[in-house]
Undergrad: 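After the structure tokens below, expect a handful of questions from me.
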Amino acid sequence: MHLKVLYFAQLRERFGLAEEALSVPESVVTVADLIDHLGTRGGVWLETFASGAAFRVAMNQEMVALDATLTDGAEVALFRPVTGG
Amino acid sequence: MTVSSTKTNLDLTAERFSVSVQHEDFDLNTEHSHLVSDDRGIGAVVAFIGMVRDLNLADDVVALELEHYPGMTEKTLANIINEARKRWTLQAARIVHRVGKMHPGDQIVLVLTASPHRGDAYEANMFIMDYLKTEAPFWKKEWTPQGPRWIEARESDDHALTKWKKNDL
């Protein structure tokens, strides 16, 4: 499955990456699986996702829960809770 | 134009309900005039303006930078207005949210709500801001004399949202 993954604000700065095209193995089915998968990169990726800090996920520009099923070609965005207004 | 029911509201032209995410500052009088234009059925307009403060967490703030998720931001703001229209009789509504670098005293966000009677405009305006603060993909970064830092989300904002969700029951 192919995904476009976006990182915003704190996560973008920490990973030094705003966006990437990602090909994930079949074992990656849900948003939570994707996060585990990114954590296997180790270093700052693992630290970030294992830190217990809250973050949010949007799929195709709508907020989704961690158990949401990924769809091929989806745009998945990861970020810390929002602070506008 | 007479506005007597929610049904009529839904028939109003879409341009009475709009959102804008922009770098430029906004002018309250201009936005207000455009919102009410020729609608004589409007009896109340409520305006909320969010400003950049010079003090946060006991540190001087010299600048603020707003980042957002282009595309999702506009969709989310439009959804929030649609949610408000389901709950209150609104004749017009507008959200303007600035992005980029700002300074203490600058305006960040404008929410205008217009209705036949003030109750709807007041409540819808607060609802829109409460939702915006927890749902719309904006992130604030502050510059202090100690350097930049990202603002963390506040629990009180989640509590403000919970109030509306409880009202659904």
Side-chain angles (χ1 to χ4, degrees), chain A residues 2-22 30-32 34-35 38 43-85, chain B residues 19 21 48-53 56 64-80 95-100 102 107-111 125-142 147-158 160-161:
Chain A
H2 298 277
L3 301 170
K4 179 177 167 188
V5 187
L6 310 181
Y7 308 99
F8 287 98
Q10 296 97 320
L11 296 190
R12 174 177 48 74
E13 284 191 351
R14 195 172 297 172
F15 300 150
L17 191 63
E19 164 177 348
E20 63 180 320
L22 206 59
T30 65
V31 167
L34 172 65
I35 287 161
L38 292 171
V44 74
W45 296 86
L46 183 60
E47 271 170 39
T48 300
F49 294 123
S51 68
F55 56 92
R56 302 280 182 262
V57 184
M59 184 157 59
N60 295 328
Q61 306 194 347
E62 294 204 358
M63 294 280 205
V64 292
L66 290 176
D67 62 0
T69 303
L70 297 164
T71 52
D72 190 36
E75 175 177 297
V76 181
L78 301 176
F79 43 82
R80 296 271 291 131
V82 302
T83 55
Chain B
V19 306
V21 179
F48 171 87
I49 295 177
M51 314 274 294
V52 180
R53 279 176 302 167
N56 190 29
L64 188 70
E65 188 165 357
L66 257 291
E67 175 175 334
H68 78 120
Y69 182 173
M72 179 172 171
T73 314
E74 293 82 352
K75 274 189 214 170
T76 306
L77 297 180
N79 284 342
I80 293 170
I95 303 175
V96 180
H97 204 301
R98 294 180 66 199
V99 293
M102 281 160 259
Q107 311 183 111
I108 307 176
V109 58
L110 170 71
V111 177
N125 199 293
M126 192 179 276
F127 169 89
I128 288 170
M129 271 310 297
D130 285 347
Y131 259 77
L132 185 156
K133 286 193 85 81
T134 53
E135 305 285 313
F138 291 103
W139 300 273
K140 284 196 189 105
K141 189 186 207 177
E142 286 178 338
R149 69 175 176 213
W150 290 99
I151 295 182
E152 295 298 325
R154 290 201 316 220
E155 219 175 284
S156 60
D157 291 333
D158 280 336
L161 189 62

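Every chain is numbered from 1, with letters handed out A, B, ... down the list of sequences.
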Undergrad: If you round to the nearest 0.5 Å, how far is OG1 of B:Thr134 from CZ of A:Arg56?
TA: 9.0 Å
Undergrad: Taking 4.0 angstrom as the limit, do B:Glu67 and A:Arg12 come out as a salt bridge?
TA: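 Counted as a salt bridge, because a side-chain N and a carboxylate O are separated by less than 4.0 Å.
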Undergrad: Could you label the plane-to-plane angle of the B:Trp139 and A:Phe8 rings as parallel, tilted or perpendicular, counting under 30° as parallel and over 60° as perpendicular?
TA: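 Rings of B:Trp139 and A:Phe8: parallel, as their planes differ by under 30°.
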Undergrad: A:Glu13 vs B:Lys141, test: salt bridge (Lys or Arg N to Asp or Glu O under 4.0 Å). Steps then yes/no.
TA: CA-CA 12 Å; A:Glu13 284 191 351; B:Lys141 189 186 207 177; 2.5 Å; yes
Undergrad: For B:Leu132 versus A:Gly84, what's the shortest heavy-atom pair and its separation?
TA: CD2-C, 4.2 Å
Undergrad: With a 3.5 Å distance limit and no angle check, can you tell me whether A:Thr83 reaches the backbone of B:Lys140 through a side-chain donor-acceptor pair?
TA: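 Side chain of A:Thr83 to backbone of B:Lys140, a donor-acceptor pair under 3.5 Å: yes, one is there.
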Undergrad: Kindly check if the number of other-residue, nucleotide or ligand heavy atoms within 6.0 Å of CD (B:Glu152) is above 12?
TA: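 More than 12 heavy atoms, drawn from other residues, nucleotides or ligands, come within 6.0 Å of this atom.
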Undergrad: Starting at OG1 of B:Thr73, measure out to CD of A:Gln61 and round the result to the nearest 0.5 Å.
TA: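 Answer rounded to 0.5 Å: 8.0 Å.
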Undergrad: Specify the closest pair of heavy atoms between B:Ala153 and A:Val82, including all atoms of both residues, with the distance to one decimal.
TA: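 Scanning both residues completely, I find the closest heavy atoms to be CB-O, 3.8 Å.
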Undergrad: Can you confirm whether more than 12 heavy atoms, excluding those of B:Met126, are under 6.0 Å from its CE atom?
TA: no
Undergrad: Please flag which part of B:Lys133 lies under 4.5 Å from any non-hydrogen atom of chain A: side chain, backbone, both or neither.
TA: both
Undergrad: Heavy-atom distance under 4.5 Å between the side chains of B:Met72 and A:Met63, does that happen here?
TA: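 They are in side-chain contact.
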Undergrad: Between A:Pro81, A:Ala9, A:Ala77, which residue shows the highest count of heavy-atom pairs closer than 4.5 Å to chain B?
TA: A:Ala9
